[in-house]
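Read the structure below first, then the notes.
In each ligand, atom 1 is the first atom listed, and ligand 1 is the first ligand listed.
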Amino acid sequence: MQTELCKILNIQYPIIQGGMAWVATAELAAAVSNAGGLGIIAAGNAPGEVVEGEIIKAKKLTDKTFGVNVMLLSPFVEEVMEIVHKHKVPVVTTGAGNPGKYIKKLKEIGTKIVPVVPSVALAKRMETLGVDAVIVEGTEAGGHIGELTTFALVPQVANEIEIPVIAAGGIADGRGFLAALALGAKGVQMGTRFICSTECTVHDNYKEMVLKAKDRDAVVTARSTGHPVRVLKNKFTKDFLKLEKNSISPEEIEELGVGKLRIAVIDGDVENGSVMAGQIAAMVKEIKSCKEIIDEVINEAATELKRLKALNKEE
Ligand SMILES: O=C(O)COc1ccc(-c2c[nH]c(CNC(=O)Nc3ncc(Sc4ccccn4)s3)n2)cc1
């Protein structure tokens, strides 16, 4: 189950771990990379020196390729990009914006650039600017999302660009992996599945919340701010959505969300915090090591492919 993406990103399997703010630490990224995927450290809204500390830690935990996700809404984006250059990070993924202004400098140091795109137009613009691949993330994903689904957006982007498409949003097992390849992707990104891994350092309450999630629990908040975010239903989302209905200003709504992810991830307050996770949370039923997760996705995809091929032979 290798694709052209493996050579471009220097990985054994075309499986990328999502650069989830506060969740994607050096420990998680190193475990995914050591298991043959591409581990990603999340910069989130953290300052440069915090990201630098995670990069240094990751280099001690793995000799495999890993990346850094730069969240483009972060107030520290410029200093994080400086750190990425200083440490010649091999792969940079970006989210929540257009990384156009950073592409030239990253290419100069040979860093592979893989932006998340929520639309065909942005995917085409990124290819023209010379990025190495795009992560096409559907609205099924956790955290900051676009409006289109993975199932609709992936084939449309794959029709329009030549560089590899990586499917993200709603993928947590071999069936989703194989479906993504069938839609034209050359790899997948998984976030929610890796939250429930033994190496993920989020509070156990956060992992429990994902394990207990039902199909309709991953709701969208803050649509009115233009930065919709998918989180698991709890007291915070109920109060938040009520306030949004009373149309408090977008600035007040943004203010409501500040720091809420940290209290869920670090303090384990999953009632008053923001538990970011995708719609596939309801299918994640067990905490496993990153190696078990990756091996199971690859083996299940191979088994599923054999079953589908047998159907063809029956005709
Ligand atoms: O400039 C344009 O054309 C718009 O470009 C884009 C618009 C959206 C995206 C996008 C959607 N999803 C992603 C990748 N995923 C994410 O970035 N997920 C995130 N989760 C929590 C985050 S922290 C946050 C979130 C919102 C507001 C403040 N802070 S970022 N990128 C990428 C590019």
Side-chain angles (χ1 to χ4, degrees), residues 16-24 40-47 50-51 67-77 80 92-103 113-129 131 133-150 153-154 157 165-171 188-192 194-195 202 206 218-232 237 240 244 250-265 273-279 281:
I16 296 171
Q17 159 246 311
M20 304 162 278
W22 282 100
V23 174
I40 300 282
I41 291 166
N45 285 303
V50 170
V51 179
V68 170
N69 175 270
V70 180
M71 205 276 286
L72 295 167
L73 289 173
S74 167
F76 301 105
V77 63
V80 167
V92 164
T93 64
T94 65
N98 179 335
K101 67 189 252 193
Y102 302 108
I103 292 173
I113 309 153
V114 186
V116 170
V117 295
S119 68
V120 172
L122 191 60
K124 291 169 81 170
R125 211 154 58 238
M126 291 295 101
E127 180 179 51
T128 306
L129 291 175
V131 304
V134 289
I135 297 169
V136 176
E137 183 190 76
T139 194
E140 300 91 325
H144 181 37
I145 49 171
E147 291 298 320
L148 299 174
T149 64
T150 307
L153 188 55
V154 168
V157 174
V165 165
I166 297 156
I171 300 167
V188 300
Q189 176 173 278
M190 301 193 296
T192 304
F194 282 115
I195 292 174
V202 302
Y206 198 115
V219 297
V220 180
T221 60
R223 272 193 205 284
S224 52
T225 67
H227 295 139
V229 179
R230 188 177 297 284
V231 294
L232 295 183
T237 59
F240 195 110
E244 270 198 291
E251 293 69 35
E252 286 170 305
I253 289 175
E254 292 268 13
E255 191 49 39
L256 273 177
V258 172
K260 291 292 189 298
L261 181 59
R262 190 188 53 72
I263 69 171
V265 168
S274 169
V275 184
M276 290 188 184
Q279 289 180 326

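- Protein heavy atom at the shortest distance from atom 7 (C) of ligand 1 is P118 CG, 3.8 Å.
- Side-chain contact between L122 and N98: present, with at least one pair of heavy atoms (C-beta onward) separated by less than 4.5 Å.
- By the criterion of a heavy-atom distance under 4.0 Å, neither the backbone nor the side chain of A21 is placed next to ligand 1.
- Between G97, G146, A168, it is G97 that holds the heavy atom closest to atom 6 (C) of ligand 1.
- The shell of residues lying under 4.0 angstrom from ligand 1, judged by heavy atoms, includes R125.
- Donor-acceptor pairing under 3.5 Å is recorded for the side chains of S224 and E244.
- Contact annotation for E254 and ligand 1: no heavy atom of the residue comes within less than 4.0 Å of the ligand.
- The protein heavy-atom contact nearest to atom 30 (S) of ligand 1 is M71 CG, 3.5 Å.
- Around atom 12 (N) of ligand 1, the closest heavy atom drawn from E137, M276, Q189 belongs to E137.
- Using a 4.5 Å heavy-atom threshold, the side chains of E147 and S119 count as separate.
- Residue contacts with ligand 1 for L73 involve side-chain atoms from C-beta outward but no N, CA, C or O (heavy atoms, distance under 4.0 Å).
- The backbone N or O of P115 lies less than 3.5 Å from no partner atom in the side chain of T93, so there is not a single donor-acceptor pair.
- In summary, the atoms of ligand 1 found under 4.0 Å from a heavy atom of N98, numbered by their order in the structure, are 1 (O).
- If you check which protein heavy atom lies closest to atom 17 (O) of ligand 1, you get A96 N, 3.6 Å.
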Only distances under 3.5 Å count here; give the side-chain donor-acceptor pairs of residues 254-265 to other protein atoms, sequence neighbours excluded, each with its distance to 0.1 Å.
{"residue": "E254", "atom": "OE2", "partner": "H227", "partner atom": "ND1", "Å": "3.2"}
{"residue": "K260", "atom": "NZ", "partner": "L256", "partner atom": "O", "Å": "3.1"}

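- Numbered from 1 in the order shown, with element, the atoms of ligand 1 that lie under 4.0 Å from a heavy atom of G143 read 20 (N).
- Numbered from 1 in the order shown, with element, the atoms of ligand 1 that lie under 4.0 Å from a heavy atom of L122 read 5 (O), 6 (C), 33 (C).
- Within the 4.5 Å cutoff, the side chain of M20 has no heavy atoms near those of the M276 side chain.
- Heavy-atom contacts of G95 reach the following atoms of ligand 1: 14 (C), 17 (O), 31 (N) (cutoff under 4.0 Å).
- Heavy atoms of H144 found under 4.0 angstrom from ligand 1 belong to the backbone as well as the side chain.
- Closest to atom 14 (C) of ligand 1, if we only count protein heavy atoms, is V116 CG1, 3.5 Å.
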